[in-house]
Amino acid sequence: MSFQITRATSASRIAGMIALVLIAVLIAAPFWGSTATLRLLGEMMIYLALASLWNLLAGYTGLVSVGQQAYVGLGIYIMVAATIYLGIHPYFAIPLAGLVAVLVSLPVSKLVFRLQGAYFAIGTWVVAEVFRLIAAQLGSVGLGGGSGTSIPTAVMQGLASNKYWREATIYWIVLALGIGAVALVYGLLRSRIGLALTAIRDSEVASTSLGINIERIKLAVYVAVAGMTAMVGTIIALQKIRVSPDAAFSVNDWTAFVIFIVVIGGIGTIEGPIIGTIVYFLLREFLSDLGSLYLMLLGALAIIIMLVAPKGIWGYIAKRWNISLFPTGYRVEEKQ
Amino acid sequence: MTWVNIVIQGILVGGLYALFAAGLSLIFGVMRLVNIAHGDLIIALAYLAWSIVHATGLHPLVSLVLVVPLAMAFGYALQYGILNRTLGKDILPPLLVTFGLSVIIQNGLLEIFTADPRKLNAGALETGSFPLLPGVDIGYLPLLQLIVAIAVIAGLQYLFYNTALGRAFRATSDDSEIALLMGLDKRKVYAWAMALCLGVVAIAGVFLGIRANFDPAVGPGRLIFGFESVIIGGLGNLWGTLIGGIILGVAQGVGAQINPGMQVLAGHLVFLLVLAVRPRGLFPRMTG
C-alpha cells in the first residue's frame, strides 16, 4: 500500500469547478442582469472583499482592528482628489490609492502596534476618527469639508461613454477586487507566510524559536490589507459618486457590518466571509425594513454565534462533515 | 487670561472624562476585558436617569439613588450571564461580543427614544458659577463633576487596597487559579467588578446628561475619550487615569480655541503623541 501527500480533496476539486462556473456567470452578469442586479452584486463584492481582508487581519493574524474604515475612507477621498485635482483617470487612481494607503499605514502601524489586543482595536478606531476629522477640515482645499463633495460627471464619463457600460465597467472592477481579495487570502495562506501565520496562531513562543519574525509578518499583513482596503474604497467612491466624511469613514458601514459578516460566516476560515456575505445580504433583503430592529438582530446573532459556535456557520459545517473547500494544509491519502 | 480660563475649564471637563475612564480601567485591571459597549452603556444609563426623572420629577442627581443600584445589578447579570463565558486566552470573543452589545444598545435606544437629543435638567446647578480670578468663572456643575471624579477614584483606590473585595479583585487579577484554590469564585469576583464599573458608569452618564445633549449615537465617542484617558494616564493607575482625563480635557479646550472643528481632533492628536513618546502612558503600573 502506498500513500501520497496532497492538498486537494474531492470536495475542493468539485468546489473549484463550481467556483470557476460561478465566476464565469458573474463576469457575464452585465449581459444577463438588470441594473438593480448589477448594483446588488457589486455591493456584495465590496463586502466580500472587505470581509476577506478583515478576516485575514483579525482571524489569521490576530490584529483585531475596528478602524479599517480609515483606509476605506482614504481610498474614497483619494479617488475624488486624484480625479478632480490631478486630472488622473479613475483607473490609475485605484493603484495610486493602494500605494498611498501602504505609505500611510506604515507610520500608523508604528503607533497602533504599541497597543495590545483589545486596546489595539480601539487605537485603530481613534486613528480612523482622526482621518475623518481631518477630512472634515478639508473644506478649504475644495473637498467639501464636513458636508462632502461629488465626483464630477466628466470624470465618470471618462470611464465609459454611456451609462450601461459605465455600470458594467465599475461592476467588473469590483468583481475583480472581490474575487482578488479571496484569492489573495487563499494564496497567502498556502505560502510561507501562511505557514508562519498558522504557527504564530498556535504558539507565538514556539514560532519565534523557529525563527519566525512575528512583528514583521504582522506588519506585512497590516500594510497589505490597508492597501487593498483603500483600493476597495476607490470603487465605493465610483459607486456612490457623492462622498462625505461621515459616510466615507463610517464605522458602521465599513467595519461593524464587515465584522458581523465574518463572525456569522466563520472567522479564521476562507469560506467564512463568502458564506457570511451571502447570509448578510439575504437577511438584509428580507429584514432591512425593520430598520434599527434589524441591526439589533444582527448584533444578537453575532453574540450568539460567538458564544455557541465561535467559528461561525462554516466552522460548524467544516467540523460536522470534515470538509474544506479551500484547503491550505496537507493530508495523507492512499494512492489509487 | 483667556488661556488660563481654557486650561481651568479643561481641567474641570477632565473630571467627566476620568469618570468615563475609571470603569474601563477597573475592569481591565481585574479581568483584562475591554468593553467596546462601555460608551453606549454610559448613554443607556443617561437615558434611564432621564426616564426616572421624567416619571418621578426627581432631581437628576437624586435619581442616582435608583440608577446606580439598577446599573450595578445589570452589570452583575451581564458579566455573570454573558461576558464570563467569553473570557479566556482568545481576545476575539469578548471583543466581538461587546461590539455586538454596542450595536444592540445603540439601536435599542434609537427604537425606544428616537434620535431626538435629550438632556437632564438640573436647574440652578447648571448655570451657577463663582468668579475665581478676573475672567475666570468656575461653574458649580463642572466643579462638582471634578470633585465627584476625585471621590470616585479615591473610593475605588480604597476599595482595591483596603477591603476584602479589593483583595479578591487583586488576587483574581494576579492568578485566578490560585485565587480559586483559596475559595474565590472568579465568576463572582468578575461579576462584582462589572457591577462596580457600571455603578461608576451610571454616575458618568448622569453628569454627561446634565452637561450636554445626548442621543443614541454618541456612545462610541465617550468610549474613545475614556480609553484615551486610560492610555494617557498609564494602564492600571487610577490616579493616572484622572490626570489622563484632565490632559485630554485641556487639549480639547485648547483645540477648540484654535478652531471649533479642532476640539476633538486636538484630543486625539495628544493621545497619539503620548502613544508615540510614552507608549505605556505617563504613569504606568502594569503591562497591557
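Lettering of chains follows the sequences in order, A, B, ..., and the numbering in each one begins at 1. Because the structure is predicted, anything quoted here is derived from the model rather than measured.
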From B:His268 atom NE2 to A:Trp125 atom CH2, the distance as rounded to the nearest 0.5 Å: 10.5 Å
Are side-chain heavy atoms of B:Asn107 and A:Leu293 found at a separation under 4.5 Å? no
Okay, B:Asp90 and chain A: the region with an atom under 4.5 Å from a heavy atom over there is neither
Between A:Ile122, A:Val66, A:Val130, which residue shows the highest count of heavy-atom pairs closer than 4.5 Å to chain B? A:Ile122
Cut-off 4.5 Å, heavy atoms of chain A, and the answer for B:Val277 is backbone
Could you tell me whether B:Arg187 atom CZ has more than 12 heavy atoms of other residues or ligands within 6.0 Å of it? no
So for atom NZ, which belongs to A:Lys218, do other residues, nucleotides or ligands contribute more than 12 heavy atoms lying within a distance under 6.0 Å? yes
Look up atom CE in A:Met306 and atom CG in B:Leu95, then write down how far apart they are to the nearest 0.5 Å. 9.0 Å
Hey, is CZ on B:Phe160 packed in by over 12 heavy atoms from elsewhere, all under 6.0 Å? yes
Relative to chain B, which segment of A:Phe260 carries a heavy atom at a distance below 4.5 Å: side chain, backbone, both, or neither? side chain
Under 4.5 Å from any heavy atom of chain B - which part of A:Ala302: neither
Flag if over 12 foreign heavy atoms under 6.0 Å of CH2, B:Trp50: yes
Between CG of B:Leu265 and CD of A:Gln137, what distance do you get to the nearest 0.5 Å? 6.5 Å
Heavy-atom pairs under 4.5 Å with chain A - which of B:Ser102, B:Gly100, B:Pro94 has more of them than the others? B:Gly100
Close side-chain approach of A:Glu129 to B:Val264, heavy-atom, < 4.5 Å: no
In terms of heavy-atom contacts, B:Leu96 and A:Val263 come closest through CD1-CG2, 3.4 Å
I want to check something: taking the side chain as every heavy atom from C-beta on, are B:Phe99 and A:Val64 in contact at a cut-off of under 4.5 Å? no
So how far is it from B:Met262 CE to A:Ile134 CD1, rounded to the nearest 0.5 Å? 9.0 Å
Whatever's closer than 4.5 Å to a heavy atom in chain B on A:Ile305 counts as neither
Are there over 12 heavy-atom neighbours, none belonging to A:Ile193, within less than 6.0 Å of that residue's CD1? no
With the side chain counted from C-beta on, respond yes when A:Ile303 and B:Ile104 share a heavy-atom pair under 4.5 Å apart, and no when they do not. yes
Give, as side chain, backbone, both or neither, the part of B:Leu223 having an atom under 4.5 angstrom from any heavy atom of chain A. side chain
Heavy-atom closest contact (B:Pro279 atom, A:Arg114 atom, distance): CG-NH1, 3.5 Å
Given heavy-atom pairs under 4.5 angstrom as the criterion, report whether the side chain, backbone, both or neither of A:Leu111 touches chain B. both
Per-residue contact mode, B:Ile36 against chain A (heavy atom under 4.5 angstrom): side chain
Kindly compute the distance separating CD1 (A:Ile267) from CG (B:Leu92), expressed to the nearest 0.5 Å. 4.5 Å
Would you indicate whether the side-chain heavy atoms of B:Val103 and A:Leu298 approach each other to under 4.5 Å? no
